[in-house]
Novice: 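Let me give you the structure first, and then I'll get to my questions.
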Amino acid sequence: MVFLSPEEQLQILKSGVVDLVTEEELLERLKEGRPLNVKLGVDPSRPDLHLGHMVVLRKLRQFQDLGHHVILIIGDFTGMIGDPSGRNETRPMLSEEEIKENARTYAEQAFKVLDPEKTELRYNSEWLGKMTFADVIKLAAKYTVARMLERDDFEKRFKAGIPIAISEFLYPLAQAMDSVAISADVELGGTDQLFNLLVGRKIMEEHGLPRQIVMTMPIIEGTDGKMKMSKSYGNYIAFNDPPNEMFGKLMSIPDSLIIKYMRLLTDIPKEEIDSYEKNMADGNINPRDVKLRLAHWITEFFWGKEAADGAQEEFLRVFSRKELPSEMEEIELSGPENIVDLLVKIGAASSRSEAKRMIFQGAVKLDGLKVNDIKFTVEPDGEKVLRVGKRKFYKLLPGSNA
RNA sequence: GGUGGGGUGCCCGAGUGGCCAAAGGGGGCGGACUGUAAAUCCGCUGGCAGAAUGCCUUCGGAGGUUCAAAUCCUCCCCCCACCA
């Protein structure tokens with residue numbers, strides 16, 4: 001634990017932050033000289049943390065390093081009801097065991113960034129589950145529809161004619177009750193959470209508590225560089241992605257995102273990043289090399305130096321020098337096999353039509369030679385390398401159990 | 001409860017009897033190129049079969065009309081707006 005003055009702490013804590021409501025209040029709170037309760041709400045479903053989460057978690061870690069107390073609220077109560085937002089299908093209700101398991105997995109991943117010693121896990125069913133219907137109505141009375149519609153996405157949906165369930169109006173209120181229950185001093189979230197976090201201030205006030213300080217972090221775009229990183233957009237880089245995949249995904253981000261990722265996700269010194277930014281703009285440095293630095297840093301953070309070195313070497317080998325990867329999935333051939341059948345069987349194509357399409361497009365190579373006949377037969381005579389597209393490699397072996 | 005408008009492929013969205021497996025965009029995939037799985041350009045993108053203008057399944061659900069339906073009719077389910 002580092003002892004810094006409130007002013008010094010404030011300087012550190014407000015860096016990289018988008019919204020801070022309010023800076024004065026945070027300073028006041030820091031001056032109280034006690035560990036602050038810093039809250040983050042966590043969705044109890046599908047715990048697959050990605051770099052988007054990392055931005056907020058890193059800020060929490062900063063609080064911890066300054067001696068403050070982090071509380072992760074597992075939204076098991078809301079999870080059991082099933083959050084209707086963005087619903088296309090009704091989400092299955094999660095059982096208690098599933099939620100516990102999800103919370104465990106979440107924590108396991110989050111602790112790659114957070115200090116477990118200074119992190120507390122709480123389940124919001126503990127207090128929300130005790131509320132009666134009358135309590136809920138009283139709570140709901142404290143907020144108006146007009147104010148709810150201030151929330152950007154509600155307003156957009158409302159205007160666009162996309163349904164909003166009443167329960168969705170209740171969610172920000174439930175989240176606010178979490179802040180009341182743990183007497184949060186600070187609540188963090190992505191910028192998209194600003195509204196919910198502010199509702200927390202109002203509801204805390206209604207309960208005679210000091211208003212929580214609200215801090216939001218930037219949302220980062222995913223690997224496509226367009227939409228925010230999200231599992232549902234499939235443009236995410238997960239904490240659990242194996243080194244080669246993590247490295248490769250980082251190398252696939254658009255150049256325009258490199259600096260933003262560096263600033264938000266790494267501890268690379270500011271001066272160094274500034275110089276990369278300038279030199280890329282001036283054309284003095286190849287963006288690829290800066291991206292390599294970024295990919296290496298993040299891969300090392302999650303997997304260690306050795307794995308990061310390996311991933312980088314592998315990347316350069318396969319994509320820069322166009323050599324074969326060091327490890328390939330091995331497929332045993334039990335006999336002669338038609339190329340189309342084979343592609344479908346090993347999962348390189350999802351249908352026979354797709355397999356044929358890829359062959360017609362010249363995506364299929366056997367030992368470096370294009371296969372352009374869908375009637376081609378692969379003979380099980382010796383080791384061969386089958387390549388499908390740029391990224392799929394298979395080592396074909398004569399079957400031993402033919 | 002009333003009136004009006006809607007439900008289309010992974011997503012958004014056009015299409016109101018045949019030329020529709022269904023415009024366009026996004027996403028995805030492939031190719032070329034490169035500095036990288038960036039950018040850019042080109043192509044593909046329901047399944048089966050392939051020389052192919054061939055066959056099968058798809059436009060909320062179930063029936064029906066017709067030589068022929070995403071398009072017309074009936075009933076049902078769901079969504080939205082306005083009025084109450």
Novice: Give me, pair by pair, the N or O atoms of the protein and of nucleotides 54-56 of chain B that are less than 3.5 Å apart, along with how far apart they are.
Specialist:
none

Novice: Report yes if the side chains of A:Val186 and A:Lys39 come closer than 4.5 Å at any heavy-atom pair, otherwise no.
Specialist: no
Novice: Using Watson-Crick or G-U wobble geometry with both distances below 3.5 Å, tell me the partner of B:U71, or none.
Specialist: none
Novice: What nucleotide among B:C48, B:G30, B:U36 has an atom nearest to a side-chain atom of A:Met358?
Specialist: B:G30
Novice: For A:Ser252 and B:A38, is the shortest distance between a side-chain N/O and OP1 or OP2 below 4.0 Å?
Specialist: no
Novice: Return the pairing partner of B:G9 with a 3.5 Å limit on both distances, Watson-Crick or G-U wobble; otherwise return none.
Specialist: none
Novice: Within the 4.0 Å heavy-atom criterion, would you say A:Gly248 contacts the bases, only the backbone, or no part of the nucleic acid?
Specialist: base
Novice: Among B:C29, B:C33, B:G35, which nucleotide sits nearest the side chain of A:Asp255?
Specialist: B:G35
Novice: Compute whether any side-chain donor of one residue and acceptor of the other, for A:Glu272 and A:Tyr276, lie under 3.5 angstrom apart.
Specialist: yes
Novice: Would you please confirm or rule out a distance under 4.0 Å between OP1 or OP2 of B:U36 and any side-chain N or O of A:Arg288?
Specialist: yes
Novice: Hey, does A:Leu257 reach any base, or is it just sugar-phosphate, or nothing, if we go heavy atoms under 4.0 Å?
Specialist: nothing
Novice: Considering every strand shown, what is the Watson-Crick or G-U wobble mate of B:U34 when both distances are under 3.5 Å?
Specialist: none
Novice: May I ask which nucleotide in the shown strands pairs with B:U16, Watson-Crick or G-U wobble, both distances under 3.5 Å?
Specialist: none
Novice: Does A:Ser351 reach a base, just sugar-phosphate, or nothing at all? Heavy atoms under 4.0 Å.
Specialist: sugar-phosphate
Novice: Nearest whole angstrom, please: distance from the P of B:A38 to the CZ of A:Phe319.
Specialist: 9 Å
Novice: Between P on B:G35 and CZ on A:Phe315, what's the gap in Å once rounded to a whole number?
Specialist: 14 Å
Novice: Can you measure A:Asn235 atom CG to B:A38 atom P for me and round it to whole angstrom units?
Specialist: 14 Å
Novice: Should A:Lys356 be listed as having a side-chain N or O under 4.0 Å from OP1 or OP2 of B:A49?
Specialist: yes
Novice: What is the separation between atom NZ on A:Lys390 and atom P on B:U36, rounded to the nearest whole Å?
Specialist: 12 Å
Novice: Starting at CD1 of A:Ile374 and ending at P of B:A52, how long is that distance when rounded to a whole Å?
Specialist: 9 Å
Novice: CE of A:Met251 versus P of B:U34: gap in Å, rounded?
Specialist: 17 Å
Novice: In Watson-Crick or G-U wobble terms, both distances under 3.5 Å, what is the partner of B:G43?
Specialist: B:C29
Novice: Testing the 3.5 Å rule here: is there a donor-acceptor pair between the side chains of A:His50 and A:Asp241?
Specialist: no
Novice: Between the main-chain N or O of A:Gly189 and the side-chain N or O of A:Thr216, is there a donor-acceptor pair closer than 3.5 Å?
Specialist: no
Novice: In whole angstroms, how far is the C1' atom of B:U36 from the CD atom of A:Glu245?
Specialist: 17 Å
Novice: Below 3.5 Å, does any donor atom in the side chain of A:Gln361 face an acceptor in the base of B:G43, or the other way round?
Specialist: yes
Novice: Would you tell me whether A:Asn338 and A:Thr377 have side-chain atoms, one donor and one acceptor, within less than 3.5 Å of each other?
Specialist: no
Novice: Under 3.5 Å, is there a donor on one side chain and an acceptor on the other for A:Asp178 and A:Trp127?
Specialist: yes
Novice: Does any donor-acceptor pair link the side chain of A:Lys322 with the base of B:U34 at a separation under 3.5 Å?
Specialist: yes
Novice: Counting only Watson-Crick or G-U wobble pairs whose two distances fall under 3.5 Å, which nucleotide matches B:C82?
Specialist: B:G2
Novice: Could you check how far CG of A:Asp224 sits from P of B:C10, rounded to whole Å?
Specialist: 20 Å
Novice: Does B:U45 have its OP1 or OP2 closer than 4.0 Å to a side-chain nitrogen or oxygen of A:Arg357?
Specialist: no
Novice: Under 4.0 Å between any heavy atoms, over every strand shown, what does A:Arg391 touch: base, sugar-phosphate, or nothing? Just pick one.
Specialist: base
Novice: Regarding A:Pro254, tell me which of base, sugar-phosphate or nothing describes its non-hydrogen contacts under 4.0 Å with the strands shown.
Specialist: sugar-phosphate
